[in-house]
There are 2 protein chains.
Amino acid sequence: MATEEERFLTDYVPREYPSVALAVDLVVFAVTAGTLHAVFVRRGAHPFKGSLALPGGFVLPEEDALTAAWRELEEEAGLDLGAHRAHVEQLATYTSPQRDPRMRVASVAHLALLATDGRALPDLATGSDAAAAEWLPVYDVLANADLAFDHRDILGAGLDRLAGKIEYTLTASRLLPEEFTLNQLRRVYQAVWNTARLDAGNFTRKMTGALQDTGRKVTRGKGAPAAVFTVRDEYLSPPLIRPAG
Amino acid sequence: MATEEERFLTDYVPREYPSVALAVDLVVFAVTAGTLHAVFVRRGAHPFKGSLALPGGFVLPEEDALTAAWRELEEEAGLDLGAHRAHVEQLATYTSPQRDPRMRVASVAHLALLATDGRALPDLATGSDAAAAEWLPVYDVLANADLAFDHRDILGAGLDRLAGKIEYTLTASRLLPEEFTLNQLRRVYQAVWNTARLDAGNFTRKMTGALQDTGRKVTRGKGAPAAVFTVRDEYLSPPLIRPAG
DNA sequence: GGAATAGTGTCTATGAGACATTATTTA
DNA sequence: TAAATAATGTCTCATAGACACTATTCC
């Protein structure tokens, strides 16, 4: 007679459950020229042929979802992660049985933030997978474009997460090089919130409490040389509240 | 020759992906006697036989994860949802290939908040499934008990989510009847944050801005009659910041 | 009366927001 | 010189936090 330990592999495996394909979808953000951009792929096949979609792909048998998200960031979005600082975190999981008409796919959406100096977006080499990836302005896409599957919901969730999180953390710095000026950081806030200018003086006072001054200064075009900072505290307390409207 | 639309069901179904079982796990909270409690089940079978675990179960073929979470709240935790106000939201998804030694299971964790009047916890009828469910104090369990699988991570994530969310929303009211007093609400905050008393006077001033006074009063034991409120605004701005320590 | 609670009042310190000012750079 | 930016200063208003005080209820 089998011991209890031996039996558990057969007896205690549940009998009735759906077998689903596990996927990841990516909301990849970067800021250039004061505008928040995201990576999109143009679908070349049905369903939703011709529509914009978020990059994504299936989780491999030995991977967890976060690992798959990093891999797809290189493969599907075509990003060279050796050349760009990146931050990836889990967003939410979409499990509607009908969300993909071909088969049941549960997708763990992830938020990815790419560092840029604010002047150029990271290059998107066309990956091994089908469609070419491109950067598009997030607020334009949400206002005008059709998105495949439930990717409009996912993109909206990614934007909400980022817009909310920068109120009480320095997550906005993930969209910048490790060292940055207060002007760069303020432009990131304005791009994410799609808002008119935040007062530079008040912004400086608020943020310097959580930043580390490197002692160095840089000049980028007009204006006095700006101090260069790194992040000291990851949290802002009390938070910086997003202006209404 | 098949049209593109006919082909997509065969050609474009991806070839290599892991087939996983999709499950939900539940972090179910309620407050009694000033203490935050959660529902646990005692595992009767391997693996982790004898350990505490969170209630959960598999997502059925026609369900999405949220629907499955509501169903398991009744079946596995044994709650009568006709008798108790409840709130369920998605927490995070756990996808480590090794998290269940029997097979690959991706679990979408959910946070569930049960309303109580603060005097008694909701009854947990033993469900159709194996183990009897029980209420245990959350901070005691986190300090002392072993939890099965990655359920300690999940419980911690649930507590962090709740503790953080009540800073800037009135989500704490989901742990109370639709109508409540400020004393009841303050006790919920103290239970969730596991903190010494919040100043009653300052708490009143802060909260009344987001609440609707019903005009009625109640007396529960000693003290002057307390005004009865309902929630008016779901958001607290600026937030109520959790005391340090 | 004593104890616990409800609700309001008071005072201070902090910080947000609006705006001005000065210095430094490029065109 | 003009324009843009950096950084700091000033003023006002809102509010968090500490605490006092009164009123109301039960024991």
Side-chain angles (χ1 to χ4, degrees), chain A residues 33-34 117-119 166-168 176 179-190 193 195-230 233 235-245, chain B residues 33-34 117-119 166-168 176 179-190 193 195-230 233 235-245:
Chain A
D117 61 1
R119 283 193 285 264
I166 64 178
E167 289 191 347
Y168 62 97
L176 291 172
E179 301 190 333
F180 52 87
T181 67
L182 284 167
N183 192 12
Q184 289 180 296
L185 186 61
R186 189 164 46 83
R187 283 172 186 282
V188 169
Y189 272 86
Q190 293 176 169
W193 287 343
T195 190
R197 9 193 57 217
L198 303 172
D199 183 275
N202 295 334
F203 186 84
T204 295
R205 246 193 328 223
K206 176 74 183 176
M207 287 296 169
T208 43
L211 299 179
Q212 179 68 48
D213 193 334
T214 64
R216 278 172 285 119
K217 303 221 173 227
V218 291
T219 301
R220 312 180 331 286
K222 287 181 179 177
V228 176
F229 294 89
T230 58
D233 298 328
Y235 287 88
L236 270 181
S237 182
L240 173 62
I241 294 174
R242 176 173 13 174
Chain B
D117 61 2
R119 281 193 287 264
I166 64 178
E167 289 191 348
Y168 63 97
L176 291 173
E179 301 190 333
F180 53 86
T181 67
L182 284 167
N183 192 11
Q184 289 181 295
L185 186 61
R186 189 166 45 85
R187 285 172 184 281
V188 169
Y189 272 86
Q190 293 174 170
W193 287 343
T195 191
R197 8 193 55 210
L198 303 173
D199 183 275
N202 295 334
F203 186 84
T204 294
R205 250 196 325 234
K206 177 74 185 177
M207 287 295 168
T208 43
L211 300 178
Q212 179 68 48
D213 193 334
T214 64
R216 276 173 286 120
K217 301 219 173 228
V218 291
T219 301
R220 312 180 332 286
K222 288 181 179 176
V228 175
F229 294 89
T230 57
D233 298 328
Y235 287 89
L236 270 181
S237 181
L240 174 62
I241 294 172
R242 175 174 11 173

Next item on the list: Identify the two heavy atoms, one from R205(B) and one from N202(B), that lie closest to each other, and give their separation to 0.1 Å.
Entry: NH2-OD1, 2.5 Å
Note to self: Distance check needed: dA18(C) P versus R205(A) CZ, whole Å only.
What the structure shows: 12 Å
Checklist line | First of P239(B) and A200(A) reached from the 5' end of DNA chain D, by closest nucleotide | finding: A200(A)
Notebook entry, point to check: Roughly how far, to the nearest 0.5 Å, is CG of L236(B) from CD of E167(B)?
Noted result: 10.0 Å
Note to self: Just to be sure I understand the rule, does A227(B) reach a base, reach only the sugar-phosphate, or reach nothing, if contact means heavy atoms closer than 4.0 Å?
What the structure shows: sugar-phosphate
Check: Q184(B) has an atom CD; how far is it from atom C1' of dT5(C), in whole Å?
Finding: 13 Å
Notebook entry, point to check: Looking at dA18(C), does its base get a donor-acceptor pair with the side chain of N202(A) below 3.5 Å?
Noted result: yes
Item checked: Pairs meeting criterion salt bridge (charged side-chain N to carboxylate O under 4.0 Å, His left out) with involvement of residues 208-218 of chain A, two or more places apart -> E179(A)-R216(A)
Next item on the list: With rounding to the nearest 0.5 Å, note down the distance linking NZ in K206(A) to CG in L211(A).
Entry: 12.0 Å
Notebook entry, point to check: So, for D233(B) and G209(B), which heavy atoms are closest and what is the spacing to 0.1 Å?
Noted result: OD2-O, 4.1 Å
Item checked: Earlier contact from the 5' end, DNA chain C, for G201(B) and G223(A) -> G201(B)
Check: Is there a side-chain polar atom (N or O) of K206(A) under 4.0 Å from OP1 or OP2 of dG17(C)?
Finding: no
Check: Rounded to whole angstroms, how far apart are CG on N183(B) and C1' on dG7(C)?
Finding: 12 Å
Checklist line | Distance in angstrom units between R197(A) CZ and dG17(C) P, rounded | finding: 16 Å
Note to self: Please report the distance, rounded to the nearest Å, between CD1 in I241(A) and P in dG17(C).
What the structure shows: 7 Å
Next item on the list: Report the distance from atom CZ of R242(A) to atom C1' of dA16(C), rounded to the nearest whole Å.
Entry: 17 Å
Checklist line | Atom pair distance, as rounded to whole Å: CG in L240(A) and C1' in dA16(C) | finding: 10 Å
Check: Which is the 5'-most and which the 3'-most nucleotide of DNA chain D that has an atom under 4.0 Å from a heavy atom of chain A?
Finding: dA4(D) to dT10(D)
Margin query: Just verifying a value: how many Å separate L176(A) CG and T230(A) OG1, rounded to the nearest 0.5 Å?
Written below: 12.5 Å
Next item on the list: Check the distance between dG15(C)'s P and M207(A)'s CE and give it to me in whole angstrom.
Entry: 14 Å
Margin query: Taking the ring centre of each residue, are Y189(B) and F203(B) less than 6.0 Å apart?
Written below: yes
Check: Of the nucleotides dA18(C), dA6(C), dA4(C), which one has an atom closest to the side chain of K222(B)?
Finding: dA4(C)
